[in-house]
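Remember, it's a predicted structure, so these values are computed and weren't measured experimentally. Start at 1 and go down the list; that is how both ligands and their atoms are numbered.
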Amino acid sequence: MSVPLVLVHGGAGDVPEDRRERHARGCLEAARAGGAVLAAGGSAVEAAVAAVRVLEDDPVYNAGRGCALTRDGHVSLDAAVMDGATLDVGAVAVLPPFRNPIAVAHALLREPEVLLAGPEAGRWAEAHGFEPVAEDELITDAVRARLAEALREGRARNFAGGTVGAVARDVEGRLAAATSTGGTMGKAPGRIGDSPVVGAGTYACAEAAVSATGDGESFLRSVFAARLADAVAAGADPAAELRRRLEEARDRYAGLGGAILLTPEGPPLRAWTSRGMSHGWWSPEDEGCGI
Ligand code: ASP
């Protein structure tokens, strides 16, 4: 028997002072939602997906409603979930507007395909009972304003902050990881970040579950999540390894960000090289949040 645990992040980045409390509280609510699934006997996968759904529904985060936009002002969603017990993966990239991309990724989890992209991913989702939504349902005024600002300031490649992710451990010690995002603000149409790419922004195996956030290109190039999980599986100290890999992504691959990490027995681990990373966790023993 393991102590069940859900740990979530609400994105690496610099959240303005007046919104910090709200960002952190939202993470705690999401962790509690995942915790309720575990308390009812649900699996780590179900808990991680439930937590991410809560954050997708909350417009302050860059996923689902409130997601970042391409430079031409469109929604293009990335999401993935991985079951550490079976090593199954379900992922979608460049998904057209759906309310909960993580639910589509979850539906793909036991299918032979790992990653579906673009309009075909949207058609697959529709064929499997998901309803597409009008793009305007996901786009908020705040996001439009931030896109205009990013394009004006030429910061289009910078990560947006607010990507969401969860790692969970169920009573049997099984691990899962899930991540969902609109990607970087002002990204090129067709761009795929680290979040839906297994081993880059999302990874889970028997020994570790990881969800990353930040400069996706550096996490892709450094194969961040899989390398971190492999090192932990090989016996590295999880907290030290998490920090070391983030510093490597910063110093060798030129990207800032953060990540959350769970192991079969250990505490909820989180670290970042960015200005901050909102996060929250729940277990029957304690809960909390921060940024
Ligand atoms: N990692 C995400 C991406 O590059 C962005 C983020 O985490 O804010 O798509």
Just go through [options] and tell me whose heavy atom is the nearest to [atom].
atom: atom 9 (O) of ligand 1; options: R191, M185, H9, E217; result: R191
atom: atom 2 (C) of ligand 1; options: G165, G214, A93, A63; result: G214
atom: atom 3 (C) of ligand 1; options: T179, D194, T181; result: D194

Task: Sub-4.0 Å heavy-atom contact, K187 with ligand 1 - done: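 Checking ligand 1 against K187, which is what was asked, there is no heavy-atom contact under 4.0 Å.
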
For residues [X] and [Y], report the shortest heavy-atom separation together with the two atoms involved.
X: E207; Y: L175; value: C-CD1, 3.7 Å
X: H9; Y: S211; value: NE2-OG, 2.9 Å
X: V167; Y: A177; value: CG1-CB, 4.0 Å
X: P196; Y: V92; value: CB-O, 3.4 Å

Ignoring hydrogens and angles, write down the donor-acceptor pairs under 3.5 Å from the side chains of residues 96-115, residues two or more places apart or on other chains.
| from | atom 1 | to | atom 2 | distance (Å) |
| --- | --- | --- | --- | --- |
| R99 | NH2 | E137 | OE1 | 2.6 |
| N100 | OD1 | R53 | NH2 | 3.4 |
| N100 | ND2 | E56 | OE1 | 2.9 |
| N100 | ND2 | D57 | OD1 | 3.2 |
| R110 | NH1 | D83 | OD2 | 3.2 |
| R110 | NH1 | T86 | OG1 | 3.1 |
| R110 | NH1 | D88 | OD2 | 2.7 |
| R110 | NH2 | D83 | OD2 | 2.9 |

Open item on the list: If you measure every N or O of A212 against every N or O of ligand 1, does any of those distances drop under 3.5 Å?
Closed with: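 It does not: no N or O of A212 is found under 3.5 Å from an N or O of ligand 1.
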
Task: Within-cut-off N or O pair, T213 and ligand 1, under 3.5 Å - done: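 Yes, there is a polar N/O contact under 3.5 Å.
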
Task: Side chains of S195 and T179, donor plus acceptor under 3.5 Å - done: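 Checked: S195/T179 side chains show no N/O donor-acceptor pair below 3.5 Å.
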
What atoms in ligand 1 come closer than 4.0 Å to a heavy atom of [X]?
X: T184; answer: 4 (O), 9 (O)
X: G183; answer: 9 (O)
X: T163; answer: 2 (C), 5 (C), 6 (C), 7 (O), 8 (O)

Could you give the side-chain donor-acceptor pairs of residues 253-270 under 3.5 Å, partners two or more places apart or in another chain?
| from | atom 1 | to | atom 2 | distance (Å) |
| --- | --- | --- | --- | --- |
| T263 | OG1 | G266 | N | 3.0 |
| R270 | NE | H279 | NE2 | 3.4 |
| R270 | NH1 | P268 | O | 3.1 |

